[in-house]
Amino acid sequence: MQVDIPLKKVVDDSYTITIDTLPKIHFDTKVAIVTNPKIAGIHLGYLLSKISAKELFIITVPDGEEYKNQKSIDTILESLFNHRFNRKSLLIAFGGGVIGDMTGYASSIYQRGIDFIQIPTTLLSQVDASVGGKTGMNNEYGKNLVGAFHQPQAVYIDPYFLTTLPLREFGAGVAEIVKMAVTFNREFFEFLESADLHDAVVLQKVIKEAVQTKANVVSQDEKEHGLRAALNYGHTFGHVIENETGYKKFLHGEAVAIGMVMANETAVKMNLMSKIEADRIKALLEKYNLPTTYTIKSVPHFYETFFLDKKSSDSSITFIIPVGIGDVTITDKIEKKTVISVLNAFGEES
Ligand code: NAD
Ligand code: GLY
């Protein structure tokens with residue numbers, strides 16, 4: 001015997017990303033702003049001058065990637081239960097990618113899913129993490145291994161928050177901007193080469209272009225069945241670097257910058273990119289003080305660590321390799337010896 005459950009559905013999860021000074025918004029429901037003490041200390045006053053709600057609560061979790069874990073998720077959920085949040089209540093993620101990912105994940109599981117909005121405060125979260133509905137947390141097995149696709153109701157990107165961002169964090173955001181340009185938009189890359197991102201007017205334009213690029217990708221492939229994986233350019237190598245350095249030495253965007261250089265070297269080896277193009281990308285990253293080199297202690301160990309990547313299977317590794325500047329290929333067909341020869345060039349012996 002069989003019982004069918006017809007569940008074909010058309011879902012409209014569309015939302016708008018506003019890149020401008022935060023407007024005044026009133027929510028006629030229970031709202032919790034999720035943030036950390038550092039961001040609250042600098043910017044909560046400004047946020048509260050803009051956001052009001054029927055009932056408004058602030059939930060803080062400790063600052064740092066090492067707290068993007070189940071314990072912090074439990075802190076958020078407990079607060080929601082204690083304040084009797086219901087399915088019409090709303091969460092606001094107010095912070096960088098760490099806060100955004102955790103708030104999104106908590107809202108995806110609280111009472112099987114409530115709404116949330118993103119108010120990102122780092123460059124990285126404004127151009128990348130707040131857009132596209134990937135949410136999650138880390139555990140002892142690795143980074144972002146637990147999570148859900150849960151789109152926000154809206155994203156409000158106010159570049160004003162970036163005025164207090166440390167330079168290193170700014171650079172980490174630039175890495176993700178370069179990623180979007182190299183993979184999808186040659187014209188944008190050429191603009192970045194001549195632009196000064198420390199100029200507020202230029203920066204706002206660049207944020208818009210990066211977000212538009214990501215929005216185009218997400219709207220074609222929300223759940224990363226294909227195209228969206230291209231946004232992991234630099235990440236396959238970068239994740240190994242983060243893993244080897246215990247997530248301490250490099251910010252995520254910094255590891256991605258080195259990873260992009262490694263992916264470019266692979267592309268050069270495969271005749272998919274000229275050496276001149278690879279050097280142009282490196283120069284752009286270095287303009288924002290991003291690291292572009294790394295010493296691999298053990299090439300075999302580095303290679304084996306690729307298999308922990310979410311895109312890898314037991315027998316193959318998926319690489320995102322640029323094709324010139326402005327195009328990209330997603331492939332699990334690169335011969336091991338090609339990758340090893342790229343890695344050897346970063347090896348201690350080289
Ligand atoms: P982060 O959230 O840790 O923020 C970096 C630091 O800056 C923190 O100390 C934070 O408190 C501080 N900060 C935030 N805003 C500030 C401001 N305006 N002024 C001064 N300090 C400020 O790091 P991040 O780079 O924003 O995000 C990294 C996280 O994002 C990682 O966990 C990564 O996995 C995730 N991520 C998610 C996606 C996605 O699609 N969901 C995409 C990229 C990255
Ligand atoms: N940051 C990669 C993605 O959102 O798919």
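All values derive from a computational prediction rather than experimental measurement. All ligand and atom numbering here is 1-based and tracks the order in the structure.
At a heavy-atom distance under 4.0 Å, no atom of Thr135 approaches ligand 1. Only side-chain heavy atoms of Asp128 come within less than 4.0 Å of ligand 2; its backbone N, CA, C and O stay farther off. By the criterion of a heavy-atom distance under 4.0 Å, the side chain of Lys214, and not its backbone, is placed next to ligand 2. When non-hydrogen atoms are compared, ligand 1 lies under 4.0 Å from the backbone of Thr164 as well as from its side chain.
For ligand 1, the atoms lying closer than 4.0 Å to a non-hydrogen atom of Lys214 are 40 (O). Near Asp101, with a cut-off below 4.0 Å to any heavy atom, the atoms of ligand 1 are 34 (O), 35 (C), 36 (N), 37 (C), 39 (C), 41 (N). Near Asn144, the atoms of ligand 1 lying under 4.0 angstrom from a non-hydrogen atom of the residue are 34 (O). For ligand 1, the atoms closer than 4.0 angstrom to any heavy atom of Leu165 are 16 (C), 17 (C), 19 (N), 20 (C), 22 (C). Ligand-side atoms of ligand 1 in range of Asn36: 11 (O), range being under 4.0 angstrom from any heavy atom. Of all atoms in ligand 1, listed by their number and element, those nearer than 4.0 Å to a heavy atom of His43 are 18 (N). Which parts of ligand 1 touch Ile42 is read off a 4.0 Å heavy-atom cut-off, strictly below it: atoms 20 (C).
Of the options Thr122, Ile99, Leu123, Leu124, the smallest heavy-atom separation from atom 44 (C) of ligand 1 is shown by Leu124. The heavy atom nearest to atom 32 (O) of ligand 1, considering only Glu65, Lys134, Arg228, Met102, is found in Glu65.
Closest protein heavy atom to atom 21 (N) of ligand 1: Pro166 CD, 4.0 Å. Protein heavy atom nearest atom 10 (C) of ligand 1, with residue, atom name and distance: Asp63 OD1, 3.6 Å. Scanning the protein heavy atoms around atom 30 (O) of ligand 1, the nearest turns out to be Gly97 CA, 3.3 Å. The protein non-hydrogen atom at the shortest distance from atom 15 (N) of ligand 1 is Thr121 OG1, 2.8 Å. Regarding atom 3 (O) of ligand 1, its nearest protein heavy-atom neighbour is Val98 CG2, 3.4 Å. What sits closest to atom 42 (C) of ligand 1 on the protein, heavy atoms only, is Ala129 CA, 3.5 Å. Considering only non-hydrogen protein atoms, atom 12 (C) of ligand 1 sits nearest to Lys38 CD, 4.0 Å. Considering only non-hydrogen protein atoms, atom 6 (C) of ligand 1 sits nearest to Glu169 OE2, 3.5 Å.
Remark: Lys214 fails to qualify as a cation-pi partner of Phe184 under the 6.0 Å distance and 45° angle criteria applied to the six-membered ring.
Any N or O atom pair closer than 3.5 Å counts here, and Glu176 shares no such pair with ligand 1. The N/O atoms of Phe161, backbone and side chain alike, include one that comes under 3.5 Å of an N/O atom in ligand 1.
You'll find the side chain of Pro120 reaches within 4.5 Å of the side chain of Ile157, heavy atoms only.
Phe161 and His43 have their aromatic ring centers within a separation under 6.0 angstrom.
Classification of Glu286 and Lys282 as a salt-bridged pair fails, no side-chain N sitting under 4.0 Å from a carboxylate O.
Residue Lys179 is tested with Asp128, Thr213, Asn232 for a side chain to side chain donor-acceptor pair (under 3.5 Å); the sole match is Asp128.
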